[in-house]
Amino acid sequence: MESRELAKNIVKFLDSKKADDIQVIKIRELSIIADYFIIAGGRSSTQVKTLADEVEAKTKELGKSPERKEGIASANWIILDYLDVVVHIFYGETREFYKLEKLWADGEKIDISDMLTGDRGRTI
């Protein structure tokens, strides 16, 4: 599965569990770290953990597992590293503090409105 397709699926999985402010940033031209960063938020540490669990379970069904996972215990900032796609799931205050979107502002923001359901669609 190519990285773009994986990123698209992960956005759908996050949206299905009502993740806040999902953003996808294409960083392929900026860094060798990954092709895409997916950044999403949760309103509680419980939701952050639920979002990460959902992404991991659903990607496993697609034959993909994260190479690394970080932050599961604290659930303030969970990282799921699929090598070409890195998923960052933040608790609101933690996301505001680290401002990854600002740090990677030179990356290409991907329009995900067609990946989201109902009135949650938005352009970034």
Side-chain angles (χ1 to χ4, degrees):
M1 175 180 302
E2 85 175 46
S3 60
R4 181 178 173 86
E5 184 180 347
L6 178 60
K8 187 174 184 176
N9 281 308
I10 290 171
V11 166
K12 289 179 180 179
F13 303 149
L14 290 166
D15 184 53
S16 75
K17 290 296 181 185
K18 310 266 191 268
D20 288 335
D21 192 20
I22 304 167
Q23 296 195 31
V24 178
I25 304 171
K26 184 177 177 183
I27 63 166
R28 180 181 308 150
E29 286 77 28
L30 302 176
S31 176
I32 61 169
I33 295 172
D35 291 343
Y36 297 96
F37 272 179
I38 299 175
I39 303 168
R43 286 173 235 108
S44 67
S45 58
T46 302
Q47 186 187 19
V48 169
K49 176 82 167 76
T50 299
L51 292 167
D53 289 346
E54 179 75 0
V55 169
E56 188 172 5
K58 294 291 189 180
T59 55
K60 204 169 272 190
E61 290 174 12
L62 298 174
K64 289 284 200 182
S65 294
E67 294 293 320
R68 289 187 342 220
K69 299 184 286 188
E70 299 291 333
I72 300 296
S74 71
N76 280 317
W77 179 4
I78 295 177
I79 300 171
L80 301 174
D81 185 352
Y82 291 90
L83 299 179
D84 291 336
V85 178
V86 179
V87 183
H88 300 268
I89 306 170
F90 286 98
Y91 177 66
E93 293 171 3
T94 307
R95 183 176 184 171
E96 181 61 31
F97 180 79
Y98 285 102
K99 299 180 187 201
L100 277 191
E101 296 92 335
K102 193 171 196 173
L103 182 65
W104 291 95
D106 290 340
E108 177 187 346
K109 289 187 179 178
I110 304 299
D111 179 0
I112 62 168
S113 59
D114 64 330
M115 301 174 209
L116 304 176
T117 59
D119 62 352
R120 292 171 52 84
R122 57 202 165 269
T123 302
I124 59 171

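Computed from a predicted structure; not experimentally measured.
Rounding to the nearest 0.5 Å places CG of D20 at 10.5 Å from CG of D15. A distance of 4.5 Å separates CZ of F13 from CG of L62, quoted to the nearest 0.5 Å. Atom CD in Q23 sits 12.5 Å away from atom CG in L14 (nearest 0.5 Å). I10 contributes atom CD1, which lies 11.0 Å from atom CE of M115 (distance to the nearest 0.5 angstrom). Atom CG of N9 is separated from atom CD of E61 by 11.0 Å, given to the nearest 0.5 angstrom. Here the CG atom belonging to N76 is positioned 8.0 Å from the OH atom belonging to Y91, to the nearest 0.5 angstrom.
Summarising the geometry of I22 relative to I112, their closest heavy-atom pair is O-CD1, 3.2 Å, with the distance given to 0.1 Å. Residues R95 and F90 come closest through the heavy atom pair CB-CB, 3.3 Å. Across all their heavy atoms, K49 and I78 have their closest contact at CA-CD1, 4.0 Å. Residues K17 and T50 come closest through the heavy atom pair CD-CG2, 4.5 Å. W77 approaches L100 most closely through the heavy-atom pair CZ2-CD1, 4.0 Å. Between D35 and S3, the closest heavy-atom pair is OD2-OG, 2.8 Å.
Test H88, R68, K69 against I79 for side chain to side chain contact (heavy atoms under 4.5 Å, CB included) and you get one pass: H88. When the options V85, V87, V11 are evaluated for a side chain to side chain contact (heavy atoms under 4.5 Å, CB included) with L6, the one that passes is V85.
Side-chain contact check for W104 versus I33: some heavy-atom pair is nearer than 4.5 Å. Proximity of L80 to I38: side-chain heavy atoms (C-beta onward) are nowhere separated by under 4.5 Å. Taking the side chain as every heavy atom from C-beta outward, Y36 and R28 approach each other to under 4.5 Å.
The number of heavy atoms from other shown groups lying within 6.0 Å of NZ (K58) does not exceed 12. The environment of E29 atom CD is dense: over 12 non-hydrogen atoms of other residues, nucleotides or ligands sit within 6.0 angstrom.
By the rule that hydrophobic residues join a cluster once side-chain heavy atoms approach within less than 4.5 Å of another member, L83 and V55 end up as members of separate clusters.
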